[in-house]
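On a predicted model such as this, the values are computed, not experimentally measured, just so you know. In what follows, every chain begins at residue 1, and chains take the letters A, B, ... in the order their sequences are listed.
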Number of protein chains: 2
Amino acid sequence: MTFPAQSRVSRPGRQAEGAVAYQPIGTLRSPYADVAGMPIQPVGARGIQGHIEVAPEFAAGLKDLNGFSHVIVLYHLHRINGYELLVRPFLDTQDHGIFATRSPKRPNAIGLSVLELVGVELAGSEAAGTGGVVHLRNVDILDGTPVLDIKPYVPAFDVWEAGRIGWFAGKVDEAETCKADERFR
Amino acid sequence: MTFPAQSRVSRPGRQAEGAVAYQPIGTLRSPYADVAGMPIQPVGARGIQGHIEVAPEFAAGLKDLNGFSHVIVLYHLHRINGYELLVRPFLDTQDHGIFATRSPKRPNAIGLSVLELVGVELAGSEAAGTGGVVHLRNVDILDGTPVLDIKPYVPAFDVWEAGRIGWFAGKVDEAETCKADERFR
């Protein structure tokens, strides 16, 4: 599939807005130094511990986070280069549109994981220059990944009765054992 | 709360990585032209219809998305200026760390909504220059919002038994009726 340098739309109101830039709030630390062999979802990483080193200037934003059992972590998939609009995901033998998959090689390489929160270390007042630490479990994220946001997981907001899961039907259980290979390098 | 121009860390491995830039894949259209009076979560926007106009160069990525009943939409909260590390959210009378809230005035203003998928229009082959359209329900997002990513909602990955929801306990039901005011402008 090729991507022509398409003229940016003739219909007013249909084009996307300009680029947006984000500054990572911290860095994720995990046992996974390399993509190959990693779990592809938190369900395949049960018990795996990791943590987010939150930069000092953002650490005050962690107040009261320790009251939650789970968090949504958004992160930049920093080892992904470029994107594909049609991909063959780890769990299938057919190609699907990237937005119908959770594959990392997305136009905007933002990863999302719902992780168990083990504990939060707020920045020590005496330890000037050190940030906060968010300890997590079920971590399916590469070591060194820039973290963009942490949100509390609230089932009343985030859990919906999903009647249809498309091509994932019959395949989701495999995510517990499936490991990543190098296809999305 | 003030934000000193903090020296960027003395401990190696603790600092966040450099800035990341994303190009919106499309624009969200909704009945909400203004922040004030908007629902604060999809549970407060039941039945509200909206759609994403996906830019032509990304529309091929929508293939097979129509098999899903719900999607996760990530978007740039483009009307938010700056951030606060401690905020008083709509649902509480106490301040909390921004990462313990779903408030929009975040260091990286990325919004997340799990929305019902009504239908997908793929880009028409004859209609050169037009992109795809993703029709949604329960839309709690401002008209004109740049969309960063669409992911299929997969309960086996995204639903977790959350034992603790921190300060939200006893308050989540109010999200169904609570409307936004101008505090996060």
Quick one: of [options], who has the most non-hydrogen atom pairs under 4.5 Å with chain A?
{"options": "E176(B), K63(B), H96(B)", "answer": "K63(B)"}
{"options": "D64(B), I98(B), D95(B)", "answer": "D64(B)"}
{"options": "I110(B), L65(B), V159(B), L62(B)", "answer": "I110(B)"}

For [X], which atoms come within 4.5 Å of any heavy atom of chain B: side chain, backbone, both, or neither?
{"X": "D173(A)", "result": "neither"}
{"X": "T101(A)", "result": "backbone"}
{"X": "L74(A)", "result": "side chain"}
{"X": "Q94(A)", "result": "neither"}

Using the side-chain contact (heavy atoms from CB on, under 4.5 Å) rule, take I165(B) and F157(A) through it: C-alpha gap first, then chi angles, then the decisive distance, then the call.
CA-CA 11 Å; I165(B) 55 167; F157(A) 302 161; over 6 Å; no
Side chain, backbone, both or neither of A109(B) within contact of chain A (heavy atoms, under 4.5 Å):
backbone
Is it the side chain or the backbone of E161(B) that comes within 4.5 Å of chain A heavy atoms, both, or neither?
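Contact with chain A involves the backbone of E161(B) alone.
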Test item: N138(B) side-chain N/O and G47(B) main-chain N/O as donor-acceptor pair under 3.5 Å:
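Indeed, once roles are kept as given, a pair shorter than 3.5 Å links the two residues.
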Answer yes or no: is there a donor N or O on one side and an acceptor on the other, between the side chain of R102(A) and the main chain of Q41(A), under 3.5 Å?
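Checked: no pair found.
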Report the C-alpha distance between V133(B) and V54(B) in whole Å, list the side-chain angles of each, state the deciding distance to 0.1 Å, and finish with yes or no for side-chain contact (heavy atoms from CB on, under 4.5 Å).
CA-CA 6 Å; V133(B) 182; V54(B) 176; over 6 Å; no
What orientation do F58(A) and Y83(B) show, parallel under 30°, tilted 30 to 60°, or perpendicular over 60°?
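F58(A) vs Y83(B) ring planes: tilted.
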Looking only at side-chain N and O atoms, does D143(B) offer a donor or acceptor that is under 3.5 Å from a partner on S30(B)?
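Distance-only check fails for S30(B) and D143(B).
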Using a cut-off of under 4.5 Å for heavy-atom pairs, which of L112(A), D149(A), V134(A), V172(A) has the most such pairs with chain B?
D149(A)
Aromatic contact, H76(A) with Y22(B) (centres under 6.0 Å):
yes
